Each structure stands twice: as structure tokens, then as C-alpha cells.
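Quick note on labels: first sequence line is chain A, next is B, and so on, each numbered from 1. These figures come from a predicted structure and were not determined experimentally.
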There are 2 protein chains.
Amino acid sequence: MKQSELSTLVQPFHVMELVKHANALEAQGKPVIHLSIGEPDFPMPEPVQQALVQAISTNKTRYTAALGLPELRQAVSDYYRSAFQVQVPANQIVITSGASAALMYACLALVNPGNEVLLADPGYPCNKTFIQMTGGTPAFVQTAEEENFQPSWADLSKHWTEKTAGVLLASPNNPTGTQLTATAMKEITAGVATRGGFIIVDEIYQSLCYDHPAQSVLQVTGAPSEQMPLLVINSFSKYFGMTGLRLGWMVVPENLLPAIERFAQNLSICPNTPAQWAALACFQAETLAICEERRKLFKARRDFMVHALPGAGIELHSTPDSAFYIYAKSPYSSEDYCKDLLEKAWVCAVPGKDFSQYRGNEMMRFSYANSMENLQIAIERINQFNQTGSPKAV
Amino acid sequence: MKQSELSTLVQPFHVMELVKHANALEAQGKPVIHLSIGEPDFPMPEPVQQALVQAISTNKTRYTAALGLPELRQAVSDYYRSAFQVQVPANQIVITSGASAALMYACLALVNPGNEVLLADPGYPCNKTFIQMTGGTPAFVQTAEEENFQPSWADLSKHWTEKTAGVLLASPNNPTGTQLTATAMKEITAGVATRGGFIIVDEIYQSLCYDHPAQSVLQVTGAPSEQMPLLVINSFSKYFGMTGLRLGWMVVPENLLPAIERFAQNLSICPNTPAQWAALACFQAETLAICEERRKLFKARRDFMVHALPGAGIELHSTPDSAFYIYAKSPYSSEDYCKDLLEKAWVCAVPGKDFSQYRGNEMMRFSYANSMENLQIAIERINQFNQTGSPKAV
Ligand SMILES: Cc1ncc(COP(=O)(O)O)c(C=O)c1O
Ligand SMILES: Cc1ncc(COP(=O)(O)O)c(C=O)c1O
């Protein structure tokens, strides 16, 4: 039995080793503070929880249509209109098992073996895998801290070759917590369309946005179409706090729907059914109010961290204004530094390796999906460790 | 924007058109009886429902480990020991988003572009897609009604070429409701191992088995290993009535675990979290007793259908002893016959096209995942239609 070439190509999450180590230290009684976390530290909003229980009690537990419940597709369409003032017909919205499945269908529908897809570096580690699974190759476009780690069309077009099929970007991005400007979105989408490529924009952190109203590339382009070859990825995981429910959505040009439907039918049958019914409650005023409260808490934490980190010896040159991540220069090799910080100060932040091909070992990611109290302790410990190299007494 | 070659290769479920037609007739008030259904007509067992609500109420809604909850992996391992007297370490069990994700990871880990994978024809339509998505090619091995539509090692080895990477079989199979014998399992697994290939056995309908105790290929082979290159696929969908929860599992050789983990992490993050906690309740005595009652109901329906269909003009040459399907010869072109039967007798059974490359238009599938009362009415209507070509008065 031979393993496939793909299975050796696909990278593990290197951070897992560090997280295991953190958990082991915790099991030994060490008061580890986790700044490694990629999900909100809040539970599911109460109305969503109730809707989920209701769905289960009324036996909404059978397969649904592969593209998702019509009611939920309509609700997402309504949400785009009310929250973002964009018109996207329900028919162009597909419900998926998290942004993960949406990214997978998008790449399967658009990338051929031998194609290249442009990715901003740093970025979400799994993006390269979705491309590799199609037989395509990720082409990493290095971005600069001073440009908030987002590429311009000039950056992307420089890397466009005969093999390039399209571009995959995230705004807000992980690990950087930074966004594309509306101008950049406009130039990039127009540029990609002119080249006959596609553009996938992952907006999973869209509404966790702190310095201006949440935005969507759809506000710039309107609904995707054959002329505007855009796919927008989103999820109930982050803003709506439903990570473990595995539910997301995508917005696609109408001509791609039959292909997306075939992939969804064949590879997944359908997304989780009770989660789909529960997600309808996400767009109720009561839920949106809860999410807005949480967004404000995230903003307060972001403000705190952005101000406190430099004082504790961690330089920032970008302005993280979204998601719950800060990507910063590590005082020394981030692999070593994160290990030391964990072992000596019991703070678990993660090295850049998973996110970047270029400067991964220079950079590290802090997640502020943790209580303000814990963030304050973490900053004290980081400061102490950076000054003395020794643990703070706790 | 060009669509990928894969997206044109992947087939839609042709049956969907028929089902849409059936739903439209029903919306017009026609009393359609659905014998097209691929999921139990029972709700989730009560203890599983309760466990699901409990998981949600206690906020078990965050991401889990990619390979699944350790508790659930252990519970599946225990279940193999208690129900099938086989020892499979929990470590070799991976929890997945349905059998669907398990089949996907298995093919991604084992099939290279250009490889062939042998499939029994007829079979589950999505199997070919899982292979195609790796760049591999499905090689269909025709099976005979008189041999219960299951291949022998002699059949398979005849089709083994230099390109063959392995075999994917289902026992019990969909659409046939028939199983591999223990002898065939023994010969096939040994034969495949000798050739240096892999064998995937989909046992999703394992415990819906009516004429002898439920069986597993693992009873013949023991736990998978480098020497026994076997992957067993299973699911909480059918026997445990959790279709919409999207939860399944796979049993894999230890050496494949790192690759499977990388695919799971990158492509899905994890299976649905509350569903994983709820699934623990599947193996409680109370739940198993409920599932056993339902199995008996399915058996009664199977007995009824197997006896009644020939009397109503539908020939059977195989002995369906499992799942909830009967695959039978259609009186004429199954595409036309199923359409006529739907329009004139309001019975929705499905043509063989989705399941078979060879004799799809000769064959059709009946599902008996419907009440005995409805099955009786359906048989009357089929009989009337076959005798007179006109609808039965209802
Ligand atoms: C940028 C980005 N995209 C997609 C995902 C996948 O999320 P999910 O599948 O839970 O929606 C994540 C998860 O961390 C992410 O950070
Ligand atoms: C033979 C077979 N395998 C796998 C599946 C996938 O089921 P699930 O993903 O719900 O576990 C099905 C569904 O009908 C099936 O019939």
C-alpha cells in the first residue's frame, strides 16, 4: 500500500506540537494562557442555542438539499441587503460545512492540475492545501508589514503567469487581522477579471472589524457573474460563535452553481441539518445585538494588546483592525521564542511557520480570543520574560 | 473564468430530476409514495436526541481535535469489541463528517493521478467522484444479479492492471442491499494485500442486516496494518438514524494516520462537535435496543417487499438481505418506467443510471425506508400499473 503523493505534500499544522506541549504543561498544573486560539472564547449566542435545541426537538435531523436549506440561503441574501446594502440573490448563495468546505468546492470547481493560484503570504495555512488537492500549485505573493500584509493589484499582477488561474485572498486575513482597502478590492477584482482569472475572497472575519464598518468585496463588485468571476467565502464560525457546528456559506456566479452543486452532493451530501436551522437565528436582531456586544469586547482587547505589546518588547508595524489576531515580529527565531515563552512564562503564542513561506521564523501570531484579565496577565509575563529571560512569579 | 476539467467530469445525481418532479406532483396534491429514499424514516433515537441537547446546553460547540473526540474514538473501539468481537485500538479510529468525508480522506491518501481504483458495478454513485477528485480513474467491475451483485477476487483480479492502486467495495451495498460473504472478504483482502494495493470496505449499512448477524470485514482480517492495507468506512447516518448530523468514522492502518490527520485538519478542521458528543449515546444499551427494534421493522418490510414485488410484476434474482434497498429489473427502460410509475401511479422508485455504467437502464432501485402501510399501497399501485398501464384509483 503506497500513500499518495498529495499526502506527503500536505503540511501538518506545526503549531499542534506547541499546543500539545501547552496542554501537557497545563495538565501539570501550570497556569498556561492560550494566545494560540483560532476561535471566539464566547459560547454560541443564546438565541442560536435555543434554535438549535428547537431544531433537534422537532426532528430536523435528516439530509437537506446539497446547496443548503432554501430558507437559510434566503436569510443570508437578506443579511447582505440589510447589513451591507448589496443585492445577492438567494440562488447564488450556497450553504457549506464551514468556510472549509466552501474553499474546497471553490478550488475544485476552478483549478486544474498544473494551474497556479496566487495567495497572499502570510495567510491561512489550509489555503495551500485546497489548491494542492486539485493538482494545482500555490504561488505565494509576499506582502509587507507596512502595507498591512495585503497585496495590491500591482503585487499580484507581477506574479501572474500563463499558468495562473486566479487569486485567493482573505480580508480580514488570518494571521494578520488586517483588511484590503475598498480601493485595493476594486483594482484587484477588475484586474483579475481582465486577465480571465477568478478571485476568491475569504470574508470569514468580516464583521469582527474595529475601526470602520464591516465591509464586503460585494459592495465594490455587486453580485458575482460571468463578467465578475468572484467567489466570496464566509462562515458562521467566528462572528456568530458557531465553530464546532461546521457551517459556512459561499456566494458564487450563477454559471458555477451546477458544478458546485455536483461537488456538494457527491462529496458531502449536505451540511449539518440542525446547524442550518439554528443559523436562521443568527440574523435575528437579538442575536446580532449579542454579536455586536462581543465585537466591542474584541475591540477593547485589540486596543489593549496593540498598545501593550510594544511596551512589553514586541514590535508592531501593521495596524490590526479586525479578526482577533496580531502578527508581530518575534524577538528572535519565533519557533524558539514561542517555545521559551511557553516554558518560561506559560504564555502560548504561535510561530509564523504555518502561515508564511518567507518570514515565518521572524514572525509570530497572538490571538486575543481570551479574557481581558488573561490578556493583562499575559502581557505582564511577556514583559517580564523579555526583560529578564526568566519567568514571572505567579 | 474557466471551470476545472474535474467539474465537468463529476456527474450530478440524475435521480434529482425525478425527485423534483415527485415533489412538484405532491405539491399539486398527488399522494406520492417515495421509494427513492436513502435514509431511515425514523427520527434520531431518543437517547441520542437527549445527548445532543445536553451537549448544546453545556456549550460543547467549539472545534475538536481533527481526528475526533478521544472519547468517541474509544467508544467505537469498544463497540467493535462488544458487537463484533474484534480488537481495533481507538487510535486507529478516525471520526469524520459522515462516511462521505471518510471516503474522501481515504481516496486522497491512497490514490495518485493516473491510478485506477476497482469499483463494483452497481454501486454508490459518489464513489467514482471521490476517485476522480484525486485525478484517478474508477474502473467498474460488472457484477451479476445471480451473485448478489458482489464481486469475487477472481472478478477483481481479472481487472487488476499496472495502474490499479486498490479496490473500493461496499458491504452491504447500495443500491443492491446485498453483502460480501466472509469467504469472499477473505479472498479479496488477501488478494489485494498480495498485489500491494489497498482495499476500502464501506460498511455504512452494516447493522441493517436481516438474515444473519451483522458482520465486518475486520472479523476476517483483524485490525488494519501495513500488512493488511484495509480501510473500513462506517457512519452514524443509517443504523443510528443520524443522517443530517453528518457523522461517520473510518478504521485505518496506523501508518496512514498522519496523512489522514493532515487531510482532516486542512480540509475540514473537525467533524460537528455536538454530534460527536451525542454519538456517544449511540452505544448505550437503550439506544441499541431502539435500533434493534427498527432493524426488525426493516426486516419485516424487506420480507414483504421481496415477496410482493414479483407478484406485482417486478422480477428479483438477487437476495437483498441488508440496507433498505432492492435492486430489480425494470419492466422496460428504467428511466421511462420510473417516470411513468411516478406520473401514473404516484410511486417514486429510481432508475439504475446513477448506480451503474453497464445496465443502469435495465435496472431500478426501490427503497423500503417507508412505512409498511405505504409499502402496501405502493405495491398495489405498482401491480395495477403493471397490469393495466393506468393509475389505480386512490
Ligand atoms: C481565514 C480562514 N478561513 C477559513 C477558516 C475555516 O473556518 P470554518 O471552516 O470553521 O468556517 C478559518 C479558520 O480558522 C480561517 O482562519
Ligand atoms: C454506500 C454509501 N456509502 C456512503 C454514504 C454516505 O453517507 P454519510 O456521509 O451520510 O455517512 C451513503 C449514503 O447514502 C451510502 O449509501
Side-chain angles (χ1 to χ4, degrees), chain A residues 1 3-7 10-13 39 43-44 49 52-53 56-57 59-64 97-98 100-101 104 108-113 125-126 129-130 133-135 196-198 226 229 242-246 253 256 258-259 261-263 265-275, chain B residues 1 3-7 10-13 39 43-44 49 52-53 56-57 59-64 97-98 100-101 104 108-113 125-126 129-130 133-135 196-198 226 229 242-246 253 256 258-259 261-263 265-275:
Chain A
M1 178 178 55
Q3 292 186 36
S4 67
E5 286 148 30
L6 181 67
S7 66
V10 170
Q11 293 291 306
F13 294 171
E39 61 186 328
M44 243 178 3
Q49 193 183 50
L52 190 51
V53 169
I56 293 157
S57 315
N59 291 315
K60 292 189 163 137
T61 53
R62 300 180 70 178
Y63 293 133
T64 70
S97 299
S100 299
M104 180 169 89
L108 287 173
L110 291 165
V111 186
N112 274 321
C126 306
T129 310
F130 294 114
M133 83 182 291
T134 68
F198 64 80
E226 276 192 79
M242 293 176 69
T243 45
L245 276 292
R246 315 306 305 115
L256 268 192
E261 182 169 22
R262 290 195 296 272
F263 285 118
Q265 285 176 334
N266 276 277
L267 304 180
S268 314
I269 303 185
C270 70
N272 185 281
T273 303
Chain B
M1 178 178 55
Q3 293 187 33
S4 67
E5 287 149 32
L6 182 66
S7 66
V10 169
Q11 293 291 306
F13 294 172
E39 60 185 327
M44 243 177 5
Q49 192 184 49
L52 190 50
V53 169
I56 293 158
S57 315
N59 291 316
K60 291 187 165 140
T61 54
R62 298 180 70 177
Y63 292 134
T64 70
S97 300
S100 299
M104 181 169 89
L108 287 172
L110 291 166
V111 186
N112 274 320
C126 306
T129 311
F130 294 113
M133 84 182 290
T134 67
F198 65 79
E226 277 192 79
M242 293 175 69
T243 43
L245 276 292
R246 315 304 308 115
L256 269 192
E261 183 169 22
R262 291 196 295 273
F263 286 117
Q265 284 176 335
N266 277 276
L267 305 180
S268 316
I269 304 184
C270 69
N272 184 281
T273 304

Would you check if [X] and [Y] make a side-chain contact, meaning some heavy-atom pair closer than 4.5 Å?
| X | Y | result |
| --- | --- | --- |
| B:Leu6 | A:Thr134 | no |
| A:Thr129 | B:Leu267 | yes |
| A:Leu245 | B:Thr273 | no |
| A:Arg246 | B:Pro271 | no |

Using the side-chain contact (heavy atoms from CB on, under 4.5 Å) rule, take A:Leu256 and B:Gln3 through it: C-alpha gap first, then chi angles, then the decisive distance, then the call.
CA-CA 8 Å; A:Leu256 268 192; B:Gln3 293 187 33; 3.4 Å; yes
Under the side-chain contact (heavy atoms from CB on, under 4.5 Å) rule, what do A:Ser4 and B:Leu110 come out as? Steps first, then yes or no, please.
CA-CA 5 Å; A:Ser4 67; B:Leu110 291 166; 5.8 Å; no
Can A:Met133 and B:Met133 be said to form a side-chain contact (heavy atoms from CB on, under 4.5 Å), step by step?
CA-CA 8 Å; A:Met133 83 182 291; B:Met133 84 182 290; 3.2 Å; yes
Can you tell me if A:Gln265 uses its side chain to pair, donor with acceptor, with the backbone of B:Pro12 under 3.5 Å?
no
Check: A:Asn112 side chain, B:Glu5 main-chain N or O, donor-acceptor pair, under 3.5 Å
yes
Which portion of [X] sits near chain B, non-hydrogen atoms under 4.5 angstrom:
| X | answer |
| --- | --- |
| A:Val10 | both |
| A:Glu261 | neither |
| A:Met104 | side chain |
| A:Ser268 | backbone |
| A:Pro258 | neither |

The test is side-chain contact (heavy atoms from CB on, under 4.5 Å); show your working for B:Ile56 and A:Met44 and say whether it passes.
CA-CA 9 Å; B:Ile56 293 158; A:Met44 243 178 3; 4.2 Å; yes
Check the side chains of B:Asn59 and A:Gln49 for a donor-acceptor pair under 3.5 angstrom, ignoring hydrogens and angles.
yes
As an exercise, state the distance from CD1 of A:Ile269 to OG of B:Ser97, rounded to the nearest 0.5 Å.
11.5 Å
